[in-house]
Amino acid sequence: MTNTTAESRQTLAPTPGRVPDMTLTAVAAPPATNRFLVPAAAVVTVVLWASAFIGIRAAGHDYSPGSLALGRMFVGALALTVIAGLAGRIRLPRGRTLAGVVVWGVLWFGLYNLALNTAERTLDAGTASLLVGLAPILIAVFAGISLGEGFPARLLAGIGIAFAGVAGIALAMSSGASDTVSVALGLAAAVLYAGSTILQKRLLPKVDSLTMTWLGCLVGAVACLPFAPVLLQELAAAPTSATLSVVYLGVFPTAVAFITWGYALTRTTAGRLGAATYAAAPLAVLMSWAVLGEVPTLIALVGGALCLTGVLVATLRLR
């Protein structure tokens, strides 16, 4: 889940045949005070994104996927409205840019959350995070197709390793048809994540980050409005702990994490910052183990390790 800003859009020219760093930007050297604040913001972002998988599992026992998505986006939109209003930085785009942001909001804040929420009905939080962790490798694939960056050998090798890992996870979760569907939905969430990132990359030169995040979250909430009657019914019956999990998901992984990500991204290169997100999946596994008592099977853990290895092989350049 990445979010770049309008202040850091000087991208490096791509080299044919090289896996693109979709968010690599050139920025000025940061002041000394940012040496501590930037890493702190990055840590907050990664921890909150990892915790979202646990929050979904905690709320998913009492809220269905659609109502959970609507509740999360509603709370997130409210929080972002307050933050954007205080910042005074809302500048609505027009024409094709506005249409693009609307599509991005439906994909990222709407369909992504529906797919992930549904997947976590049967998948534990750790396994779901490992599947979604394939997004960086899919971003490289989409960029190779849409931006003409090609498919170098290390990208192909990474794809092979990562999807061997997916096969391992699918094997570990093959106890029933619903589990197989959940694995497919986890992969669909990763595809939506990657596709949304490519679209976001194209839109950011035309709209500032805070406006795009606020508007996208608002669009996601509107897209989920058909689930409003179910949300009201479940809200009346759900325990306070589950409702607080929904509020947590909206305020922290949805609103706060995007803000801390944007803060860090304006003060360092996105290539360096993006590498930190690789920690989200293993961190989610540990959180799921500690908070929910969920321990993925050994085969699923091995498959997840292969997924992460494939992502690293495909997306990290040796210098």
Side-chain angles (χ1 to χ4, degrees), residues 1 43-83 108-133 178 182 185-186 189 192-193 213 216-218 220-261 277 279-296:
M1 328 171 176
V43 169
V44 169
T45 301
V46 172
V47 170
L48 291 180
W49 281 349
S51 72
F53 294 96
I54 286 75
I56 291 170
R57 285 288 284 176
H61 296 292
D62 300 284
Y63 287 94
S64 57
S67 64
L68 177 55
L70 174 58
R72 177 179 177 177
M73 291 306 105
F74 179 77
V75 174
L78 283 179
L80 285 165
T81 298
V82 172
I83 294 167
W108 179 233
F109 292 98
L111 293 179
Y112 168 85
N113 280 285
L114 284 173
L116 182 58
N117 293 350
T118 306
E120 289 201 51
R121 300 285 279 186
T122 56
L123 292 182
D124 61 84
T127 301
S129 69
L130 291 168
L131 289 170
V132 174
S178 62
S182 294
L185 286 169
L192 287 164
Y193 178 167
T213 302
C217 188
L218 186 62
V222 172
C224 294
L225 278 179
F227 300 104
V230 179
L231 174 60
L232 292 176
Q233 292 175 2
E234 294 175 348
L235 184 62
T240 303
S241 59
T243 301
L244 288 177
S245 294
V246 176
V247 174
Y248 173 85
L249 287 168
V251 174
F252 293 98
T254 304
V256 174
F258 273 108
I259 294 171
T260 54
W261 177 262
T277 63
L283 186 58
V285 172
L286 294 176
M287 286 183 176
S288 177
W289 190 350
V291 177
L292 303 176
E294 295 179 340
V295 184

Q | Check: F53 and V132 side chains under 4.5 Å, non-hydrogen atoms | A | yes
Q: I would like to know whether F227 and L114 meet side chain to side chain contact (heavy atoms under 4.5 Å, CB included); could you show each step before the answer?
A: CA-CA 11 Å; F227 300 104; L114 284 173; 3.9 Å; yes
Q) Just by distance, do the side chain of R57 and the backbone of L292 share a donor-acceptor pair under 3.5 Å? A) no
Q: Please report the closest heavy-atom contact between A119 and G186, naming both atoms and the distance.
A: CB-N, 3.8 Å
Q) Going from CZ on F74 to CG on L218, what distance comes out if it is rounded to the nearest 0.5 angstrom? A) 10.5 Å
Q. Tell me, do S182 and R121 make a side-chain contact under 4.5 Å, heavy atoms counted?
A. no
Q: Please tell me if the side chains of S129 and W49 come closer than 4.5 Å, counting only heavy atoms from C-beta onward.
A: no
**Q.** Distance, nearest 0.5 Å, that separates CG of L249 from OG of S51
**A.** 7.5 Å
(Q) Once you measure the plane-to-plane angle for Y193 and Y112, does it fall in the parallel (<30°), tilted (30-60°) or perpendicular (>60°) bin? (A) perpendicular
Q: Quick one: pull up CG in L80 and CE in M73 and give me the separation to the nearest 0.5 Å.
A: 9.5 Å
Q | L116 side, atom CG; L185 side, atom CG - distance, nearest 0.5 Å | A | 9.5 Å
Q.
Could you measure the distance from the CG atom of L70 to the CG atom of N113? Nearest 0.5 Å is fine.
A. 11.0 Å
**Q.** E294 side chain near I54 side chain, heavy-atom distance below 4.5 Å
**A.** no
(Q) I'd like to know whether V247 forms a side chain to side chain contact (heavy atoms under 4.5 Å, CB included) with R72, so could you lay out the CA-CA distance, the side-chain angles of the two residues, the decisive distance to 0.1 Å, and finally the verdict. (A) CA-CA 6 Å; V247 174; R72 177 179 177 177; over 6 Å; no
Q: Kindly say whether A238 contributes a backbone atom to a donor-acceptor pair with the side chain of D62 at under 3.5 angstrom?
A: no
Q: Would you please test V285 and D124 for side chain to side chain contact (heavy atoms under 4.5 Å, CB included) and show each step?
A: CA-CA 9 Å; V285 172; D124 61 84; over 6 Å; no
Q) Just checking, is any N or O donor in the side chain of Y63 or S245 under 3.5 Å from an acceptor N or O on the other one? A) no
Q | A284 backbone acceptor or donor facing S288 side chain under 3.5 Å | A | no
Q) Between N117 and P65, what is the shortest heavy-atom contact and its length? A) ND2-O, 3.2 Å
Q | Pairwise distance CD(E120) to CG(L68) - rounded to 0.5 angstrom | A | 9.0 Å
Q) When you measure from the side chain of T127 to the backbone N and O of L123, does any donor-acceptor pair fall under 3.5 Å? A) no
Q. Are S64 and S67 close enough that a side-chain donor and a side-chain acceptor fall under 3.5 Å?
A. yes
**Q.** Worked verdict on T254 versus V75 for side chain to side chain contact (heavy atoms under 4.5 Å, CB included)
**A.** CA-CA 9 Å; T254 304; V75 174; over 6 Å; no
